[in-house]
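All residue numbers refer to positions in the sequence shown, counting from 1. Remember, it's a predicted structure, so these values are computed and weren't measured experimentally. Because only heavy atoms are used, hydrogens play no part in the values below, and waters and symmetry mates are left out as well, while side chains stay in.
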Amino acid sequence: MTTPTTLKGVVILAVLVGAAIVASRFDWPGLWPPDARVSTPGGGPPLDRAVAGAATGEELYSTFCSSCHGFEGRGDGVAGGFCRIPPADFTRADFKVRSTPTGSLPSDADLAGVIRRGAGGDGAMPPFDFLEDEDVVRLVARIKAFSPRWQHEQAPPGVVLPPRVEGSVQRGEEVYRAWGCPACHGPTGEGNGPRAADLLNARGLADAPTNLTRPGTFKAGPDDISLIRSVLTGFNGTTMPAYEVPPGGERSVWDLSAYMGSLQVQPDETPAPGVDTSSVAGYWKRPIPAQGGELSAASCAGCHASQFSDWSGTRHSMAMGPGVWAQMNDQPDLSGMCATCHAPLRDQWVDPYLSADGVGCSACHSRARQKFGPPPLPTTIAPLVSRYPAPHGPAATRDFFESVDFCAGCHQFSEGKAEMVHGAFLENTVEEWRGSRAAQEGRTCQTCHMPDRRHLFRGIHDPDTVRAGVRWTFDARRVVGGRVESRMILTNTDTGHAFPTYVVPEVWMRIELIAGGGVSRVVAERLIARRVSFANGQWTQQSDTRLSQDESATLDYSGVLPPGAIAVVGTVVVRPDAFHVESLASRLRDTRSPASRRSYERALAEMRSSDYVLFRMERPLAP
């Protein structure tokens, strides 16, 4: 077993446990496919195409906004389910941040302000302050085109704020409690009031109250004017209502603003700890030091839409799934060990929302508040995105992004951090590769698992990827004497490590006889896997029948045909999560935690449905 990190597991668990709440993001409405195309609803302001060479509002929206808000503006883009705050549904024209009265449309200036400033911090609406003024004007027009409300309504004048007076923090606390704010925002403003967990917005999605101690997450801004305006206008489509100033109570809103301002904890501006990015070993020293800033995968989707779309359905995006969470919940001492790969940023260890990203964009590309990547290709970002300066500043390039060592930190156990079992580490993928023909030919992990730099990370769970790495043949025939002879051969031709690697998957070769009515009987089978067990603090290997590159496994069957036999069927079945299914089923029986039980059940349902038939061939038996 690996050695836990020095940060106590129970401390990590205390914050990562919140990932179970964030996991509800995966239950949001269905997402539009990445290749969907925007259609302009009838009516609304015309899209501005007057400026020669300038991007149209439709082009700007499709490039920067559709990943979260969807191609049809319904808030259901591919990144929508990964956002800390559900993206706005523009077809409803329910806008949270406005200067106008509750229930009304916002002004163009309100919309432009949100585009420029963002709303809600990391994982919510990011700032697009790099856009030109003309771009924002066209983008506002495009957003308004999604809803017919703009055809027959106009934004009314903004709400007039009471004359400014000096607010009192002490009186403001009284107003905070008298107006019922603690019910949602909590007694100390941390967004954890008794009603917080049950709040739903107008679309039926979770509506988390703002944590008033974190000014970077305020949707309209943390200054006193923005705070008062938010209180008086409310946030349309959410559970945040608009409050009316009682007669003679004009001072109360300034008192409330003063109190909310006193709750704010300013972010730590201490420079992020230095990281040695000159070598892959220094770059992947884990946990990756805290750095702050925008680290969520969703914050990358606006400019890196294709990469995000690929990543969103991968095992990397599911690295902090329910099975991992339940094990950490039941065994807090394992938390540090698990999190160093499943949530490698130390920032994730103090933010449940970030931890739910698993191995997200920042795990590979962000160190000390700077972005890193391989030398860019013309396809790295969309042409329109490349016209603008990167909001995170220039990215530094490192050649080791395309090396096997870049993946080794989490896909190869090492001496001093893990023990060997029967002469090999449990996770031994890179060492298996080093001795392969693929290594001699210069093919790396990225060659197969990131072809053309696609962030798909496909492996044993993907049938097409597995088929590309092996060759299979099967034949069967009736012979003299009422007998049958059959042979199946499976060869690891292009998998550049043991097939299958690690101790989790199983591959079954099977031969079956089919009788009339479709009744089948398995007459021969062979397991290809590395089987291990863990008991009394010790790992033991039972068998290792996996195939090194260019090695073959043969399964023969020869026997008397039973009466009524009409065909012989050969199949290869892959069970990608076999070890985990057995392990988690055992943990489910033993757990005493209702939360862990629910997570184990969810994980097992997903894993049991991951089995698939890799190859199948039916050979009829001629009379």
Side-chain angles (χ1 to χ4, degrees), residues 32 34 36-80 83 85-100 104-120 124-151 153-155 219-221 236-237 294 298-306 308 381-392:
W32 290 96
R37 292 294 180 265
V38 66
S39 59
T40 305
L47 303 182
D48 184 356
R49 301 177 185 272
V51 181
T56 66
E58 184 172 341
E59 291 168 337
L60 289 162
Y61 178 87
S62 179
T63 299
F64 294 111
C65 311
S66 61
S67 291
C68 293
H69 294 281
F71 286 98
E72 296 189 355
R74 300 182 185 277
D76 55 3
V78 67
C83 293
I85 300 173
D89 179 349
F90 296 139
T91 67
R92 300 172 66 97
D94 277 337
F95 292 92
K96 304 178 188 74
V97 180
R98 311 168 328 284
S99 60
T100 56
S104 63
L105 294 171
S107 68
D108 286 7
D110 291 334
L111 294 176
V114 171
I115 294 171
R116 286 265 183 230
R117 185 188 61 251
M125 169 69 186
F128 288 88
D129 51 2
F130 55 85
L131 294 176
E132 301 291 341
D133 291 342
E134 295 81 2
D135 295 329
V136 175
V137 170
R138 286 188 288 274
L139 198 48
V140 166
R142 181 66 190 95
I143 292 169
K144 292 167 67 174
F146 282 116
S147 173
R149 281 190 64 184
W150 299 95
Q151 298 179 38
E153 291 184 47
Q154 291 185 343
K219 300 177 183 69
N236 290 348
E294 294 192 347
S299 69
C300 305
C303 295
H304 299 277
S306 62
F308 181 93
I381 56 176
L384 180 56
V385 176
S386 65
R387 297 186 194 177
Y388 300 91
H392 50 63

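- Annotation: side-chain hydrogen bond (donor to acceptor under 3.5 Å, both in side chains) contacts of Ser66 (sequence neighbours excluded): none.
- Between Phe128 and Phe64, the angle of the ring planes goes over 60°, which puts this pair in the perpendicular group of the 30/60° scheme.
- Judged as a side-chain hydrogen bond (donor to acceptor under 3.5 Å, both in side chains), and not counting sequence neighbours, the contacts of Asp110 are Ser99, Ser107.
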Between Met125 and Val114, does the side chain to side chain contact (heavy atoms under 4.5 Å, CB included) criterion hold? Intermediate values first, please. CA-CA 8 Å; Met125 169 69 186; Val114 171; 4.0 Å; yes

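- Ala124 is linked by a side chain to side chain contact (heavy atoms under 4.5 Å, CB included) to Ile85, counting only residues two or more places apart in sequence or in another chain.
- For Cys65, the side chain to side chain contact (heavy atoms under 4.5 Å, CB included) partners are Tyr61, His69, Leu139, not counting sequence neighbours.
- The distance from the CG atom of Asp135 to the CZ atom of Arg387 is 8.5 Å, given to the nearest 0.5 Å.
- Side-chain atoms of Glu59 come within 3.5 Å of backbone atoms of Thr56 as a donor-acceptor pair (strictly under, hydrogens ignored).
- Atom CZ in Phe95 sits 9.5 Å away from atom CG in Asn236 (nearest 0.5 Å).
- Rounding to the nearest 0.5 Å places OG of Ser299 at 9.0 Å from NE2 of His392.
- For Thr63, the side-chain hydrogen bond (donor to acceptor under 3.5 Å, both in side chains) test picks out no residue, with sequence neighbours left out.
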For side chain to side chain contact (heavy atoms under 4.5 Å, CB included), just list the numbers for Arg142 and Leu60, CA-CA rounded to whole Å, side-chain angles, deciding distance to a tenth of an Å, and then say yes or no. CA-CA 9 Å; Arg142 181 66 190 95; Leu60 289 162; over 6 Å; no

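- Atoms OG1 and CZ, on Thr91 and Arg149 in that order, are 11.5 Å from each other to the nearest 0.5 Å.
- Distance SG/Cys68 to CZ/Phe308: 7.0 Å, rounded to 0.5 Å.
- Although no hydrogens or angles enter the test, the distance criterion places no donor-acceptor pair under 3.5 Å between the side chain of Thr100 and the main chain of Ala155.
- With hydrogens and angles ignored, the 3.5 Å screen pairs a side-chain donor or acceptor of Arg116 with a backbone N or O of Leu131.
- Applying the salt bridge (Lys or Arg N to Asp or Glu O under 4.0 Å) test to pairs two or more places apart or on separate chains, those with a residue in residues 85-98 are Arg92-Asp94.
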Evaluation steps, side chain to side chain contact (heavy atoms under 4.5 Å, CB included), between Ser62 and Phe71: CA-CA 7 Å; Ser62 179; Phe71 286 98; 3.7 Å; yes

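- Asp108 is linked by a side-chain hydrogen bond (donor to acceptor under 3.5 Å, both in side chains) to Lys144, counting only residues two or more places apart in sequence or in another chain.
- Remark: Glu72 CD to Phe90 CZ distance equals 13.5 Å, nearest 0.5 Å.
- The salt bridge (Lys or Arg N to Asp or Glu O under 4.0 Å) search around Glu132 returns none, not counting sequence neighbours.
- Looking at residues two or more places apart in sequence or on another chain, you find a side chain to side chain contact (heavy atoms under 4.5 Å, CB included) between Ala305 and Ser67.
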